[in-house]
Trainee: 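Got a structure for you, written out below as structure tokens; questions coming shortly.
Below, chains carry the letters A, B, ... as their sequence lines are ordered, and counting in each starts from 1.
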Amino acid sequence: MTSADKENSIDFIREIVERDLREGKHGGRVHTRFPPEPNGYLHIGHAKAICIDFGIAEEYGGLYNLRFDDTNPVKEDVEYVDSIMRDIKWLGFDWEDRLYYASDYFDKMYDYAEQLIEKDAAYICDLSTDEVREYRGTLTEPGRNSPWRNRSVEDNLDLFRRMRSGEFPDGTRTLRAKIDMASPNMNMRDPAIYRILKKSHHRTGNRWCIYPMYDYAHCLEDSIEGITHSCCSIEFEDHRPLYDWFLDQLDIFHPQQIEFARLNLTYTIMSKRKLAMLVENGLVSGWDDPRMPTLSGLRRRGYTPESIRDFTGRIGVAKRDSTVDMALLEYCIRDDLNRRAPRFMAVLDPLKIIIENYPPGKCEELEFINNPEDESAGSRMVQFSRELYIERDDFQEEPHKKFRRLVPGREVRLRYAYLITCVDVVKDEDGNVKELICTYDPETRGGSAPDGRKVKGTIHWVSAEHAVPAEVRLYDRLFTVENPLSSDNFIDTINNESLRVLNRCRIEPSAADLVIGEPVQFERKGYFCKDPDSTEKRLIFNRTISLRDTWKKILKNQK
RNA sequence: UGGGGCGUCGUCAAAUGGUUAAGACACAGGGUUUUGGUCCCUGCAUUGGGGGUUCGAAUCCUCCCGCCCCAGCCA
């Protein structure tokens, strides 16, 4: 094996697809689908599935469908249909005209069910839920046949039609597949195919009062759409014999189900139910809270679709249980934003400095590079004046030995501006630093000295007169531990400092015109984007992710 | 203790019996730098355990250990 081969190694699903292509299995056709149930919001785990389903189709010149698996009206709603479509489009996938609903196939599914009955492969069962459970047996004991298992085809057909016409109340009867009550695979112990549910459906209204179960419906949906490779998560592995059974009984087009491991991420949770708990209990502001692993949350936080797609590519596809380090996701967004985000100056925790020898009232414009990683981004002019704000923690009166920012008597650089020296510290009556008196060297305009002398530190600043006020929301990981679910109660592991709101920030004026969601870098601080809560009067920025902070690391390693 | 699946670096993940077990993230150290950012360099595993087959095993056989999933008229 050469190194080039190693770099091109592919996952087991793509291996299957490539082999099928090579062998001409479906006439060289690749057709996949992403089949969400519209009962909640998409999260980054779904993004992994979407990138596998749709990404594979794209890579092999195939097609992909978006299909809503809406077979249970009790849990579903159009609200979710809309948000799911928005999120998938945002990720950058286009299913064109191939948008389908399981409910589109209800008639066809019903016909197939009658076929099953006619070949004595399904029967109407009158057992109650509790009785079914008793008859099913346990993991170690076989089940027993339902007393209704041997009804005649005629009776079954008659009963099924009456079920459909609404003659029987919810829960009184089911249509069951006649397979094997002693199967070691619980899924094969005469699973339910149809249940009675007198509930209005968001698309079919009251046309139906019986609804197909997942195992029966899903393989038919795939078959009807001519799906070649039906990828799903690993817990469906032992449903595959059932998937195959229905298609074999009906003798119709047979897609291949392939299972892969779900995504887990450190410091967060992926369970829809538990995320809902956070929303319902007000622990987060909503499904799109920037701390949520939902796609709407990540989007609001400032994650780009490109970064998420890059991430899903980097984590790979396999079958083993795994938990990906959140640091990888953070790396992906930093990597993307470093290349594309224009730089701005923002002082989050302002400390005023006065340049003693700079003429009062004078203002000059200095040239700033918009993005050192992208020459085409050009430059802009930024106003400089006598009174400025710098970051409070860029000054230490009694400095740490490795601190190389502003210190009394030490010269540092104001980025793209001048070399300054702190000559005096003004304090309030409590002894807190109120402002700094500095001097500047007029010969160092732009930040470099003609005599070639160097300074160790460069700090950012904004002009006090010109900067605009803003609120900045600093987000951190939602949980304090890598695996919140390992705790007795995951709620207890929520990070109380996952949101810090800073109200006195000052940003360079040009940043006020930014479009909501557009990513920027606040130099030396991190990547940010304007939040939709912003108004004309109130600018609000979300911190997507901080810059890598080796200074913080130095301080931490010292302890 | 039925059935199914899975165990390779701290975390993901390659390897398809054949030279020193890829790569990425993380971590540690160093260089460059007008962002303590970026970038560059260096370091970082003998494959869950035992036996066996073989000239040769992460790959094959065998026994053991561990983890995950399944007893919805949810998906």
Trainee: Within the structure shown, what part of the strands sits under 4.0 Å from A/H218 by heavy-atom distance: base, sugar-phosphate, or nothing?
Mentor: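 Touches nothing.
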Trainee: When you measure from the side chain of A/I234, which nucleotide among B/A28, B/G5, B/C70 comes out closest?
Mentor: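 Minimum distance to the A/I234 side chain belongs to B/G5.
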Trainee: Give a yes or no on this: more than 12 heavy atoms of other residues, nucleotides or ligands lie within 6.0 Å of atom NZ of A/K402.
Mentor: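 No, because the 6.0 Å sphere around NZ of A/K402 holds 12 heavy atoms or fewer from other groups.
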Trainee: Across the strands shown, which category fits A/R413 at heavy-atom distances under 4.0 angstrom: base, sugar-phosphate, nothing?
Mentor: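 Base contact - A/R413 has a heavy atom under 4.0 Å of at least one base atom.
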Trainee: So A/P35, base contact, sugar-phosphate only, or nothing? Heavy-atom distance under 4.0 Å.
Mentor: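 The answer is nothing, as A/P35 stays clear of every strand by at least 4.0 Å.
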Trainee: Need the glycosidic conformation of B/G56: syn if within 90° of 0, anti if not. Which one?
Mentor: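 Here the answer is anti: the torsion falls beyond 90° from 0.
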Trainee: Just checking A/R240: base, sugar-phosphate only, or nothing, at a heavy-atom cut-off of under 4.0 Å?
Mentor: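 No contact.
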Trainee: Below 6.0 angstrom between ring centroids: does that apply to A/Y440 and A/Y418?
Mentor: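 Yes.
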Trainee: Base, sugar-phosphate alone, or nothing: which one does A/E37 contact when heavy atoms must sit under 4.0 Å apart?
Mentor: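 Sugar-phosphate, backbone atoms only, no base.
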Trainee: What integer number of Å spans the P atoms of B/A57 and B/G52?
Mentor: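 Straight-line distance between the two P atoms is 12 Å.
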Trainee: Can you check whether any acceptor in the base of B/G72 is under 3.5 Å from a donor in the side chain of A/R133, or vice versa?
Mentor: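 There is none.
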Trainee: Please pick, from B/U8, B/A26, B/C74, the nucleotide with the shortest atom-to-atom distance to any side-chain atom of A/A327.
Mentor: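 So the side chain of A/A327 is nearest to B/A26.
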Trainee: Under 4.0 angstrom, heavy atoms only, what part of the nucleic acid is A/Y331 near: base, sugar-phosphate, or nothing?
Mentor: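 Sugar-phosphate, backbone atoms only, no base.
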Trainee: Check every strand shown and say whether A/R189 touches a base, only sugar-phosphate, or nothing at a heavy-atom separation below 4.0 Å.
Mentor: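 Nothing: the residue A/R189, judged by heavy atoms under 4.0 Å, touches no strand.
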Trainee: Verify the stacking flag for A/W551 against B/G36: centroid separation must be under 5.5 angstrom and the ring planes must differ by under 30 degrees.
Mentor: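 So yes, this residue stacks on that base, both cut-offs being met.
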Trainee: What contact category does A/L127 fall into here, base, sugar-phosphate, or nothing, at under 4.0 angstrom with non-hydrogen atoms?
Mentor: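 It contacts base atoms.
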Trainee: With heavy atoms under 4.0 Å as the rule, sort A/T174 into base, sugar-phosphate or nothing.
Mentor: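 Base, at least one base heavy atom under 4.0 Å.
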Trainee: Please confirm whether the ring centroid of A/H218 lies under 6.0 Å from the ring centroid of A/Y214.
Mentor: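 Ring centroids of A/H218 and A/Y214 are less than 6.0 Å from each other.
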Trainee: Where the side chain of A/K402 is concerned, which of B/C73, B/A75, B/G36 is the nearest nucleotide?
Mentor: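 So the side chain of A/K402 is nearest to B/G36.
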Trainee: To the side chain of A/M213, which of B/A71, B/C74, B/A14 is closest?
Mentor: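 Minimum distance to the A/M213 side chain belongs to B/C74.
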Trainee: Looking only at atom P, what distance separates B/A22 and B/C9, rounded to whole Å?
Mentor: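 B/A22 and B/C9 have their P atoms separated by 13 Å.
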Trainee: Write down the distance separating the C1' atoms in B/C55 and B/A13, rounded off to the nearest Å.
Mentor: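 The same atom, C1', in both gives a distance of 31 Å.
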Trainee: When rounded to the nearest Å, what value does the distance between C1' atoms of B/G51 and B/A15 take?
Mentor: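 It works out to 24 Å between them.
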Trainee: When you look at CZ of A/R477, are more than 12 heavy atoms from neighbouring residues, nucleotides or ligands closer to it than 6.0 Å?
Mentor: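 More than 12 heavy atoms, drawn from other residues, nucleotides or ligands, come within 6.0 Å of this atom.
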Trainee: Using only heavy-atom distances, decide whether a donor-acceptor pair under 3.5 angstrom links the side-chain of A/R343 to the base of B/U35.
Mentor: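 When only heavy-atom distances are counted, A/R343 does reach the base of B/U35 through a donor-acceptor pair under 3.5 Å.
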Trainee: Report which part of the nucleic acid A/V74 touches: base, sugar-phosphate, or nothing (heavy-atom distance under 4.0 Å, all strands).
Mentor: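 Result for A/V74 = nothing.
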Trainee: Taking the P atom of each, how far is B/U8 from B/U47, in whole Å?
Mentor: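 These two P atoms come out 12 Å apart once rounded.
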Trainee: Are A/Y80 and A/Y41 close enough that their ring centers fall under 6.0 Å?
Mentor: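 Judged by ring-centre distance (under 6.0 Å), A/Y80 and A/Y41 do meet the cut-off.
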Trainee: Can a donor-acceptor pair under 3.5 Å be found between the side-chain atoms of A/E259 and the base atoms of B/G4?
Mentor: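 Per atom types, no contact qualifies.
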Trainee: Would you check if the distance from the ring center of A/Y527 to the ring center of A/F522 is below 6.0 Å?
Mentor: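 So the answer is no for these two rings.
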Trainee: The side chain of A/P184 is closest to which nucleotide in this list: B/G3, B/G36, B/A75?
Mentor: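 Comparing B/G3, B/G36, B/A75 against the side chain of A/P184, the answer is B/G3.
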Trainee: Which part of the nucleic acid does A/S183 contact within heavy-atom distance under 4.0 Å: base, sugar-phosphate only, or nothing?
Mentor: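 Result for A/S183 = nothing.
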Trainee: Do other residues, nucleotides or ligands put more than 12 heavy atoms under 6.0 Å from the CZ atom of A/R273?
Mentor: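 Not buried by this count: 12 neighbours or fewer within 6.0 Å.
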Trainee: Rounding to an integer number of angstrom, what distance separates B/C6 and B/U59 when you compare their P atoms?
Mentor: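 Their P atoms lie roughly 16 Å apart.
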Trainee: Check every strand shown and say whether A/T323 touches a base, only sugar-phosphate, or nothing at a heavy-atom separation below 4.0 Å.
Mentor: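 Touches sugar-phosphate only.
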Trainee: Once you apply a heavy-atom cut-off of 4.0 Å, does A/R548 come out as touching a base, just sugar-phosphate, or nothing?
Mentor: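 Contact class for A/R548: sugar-phosphate only.
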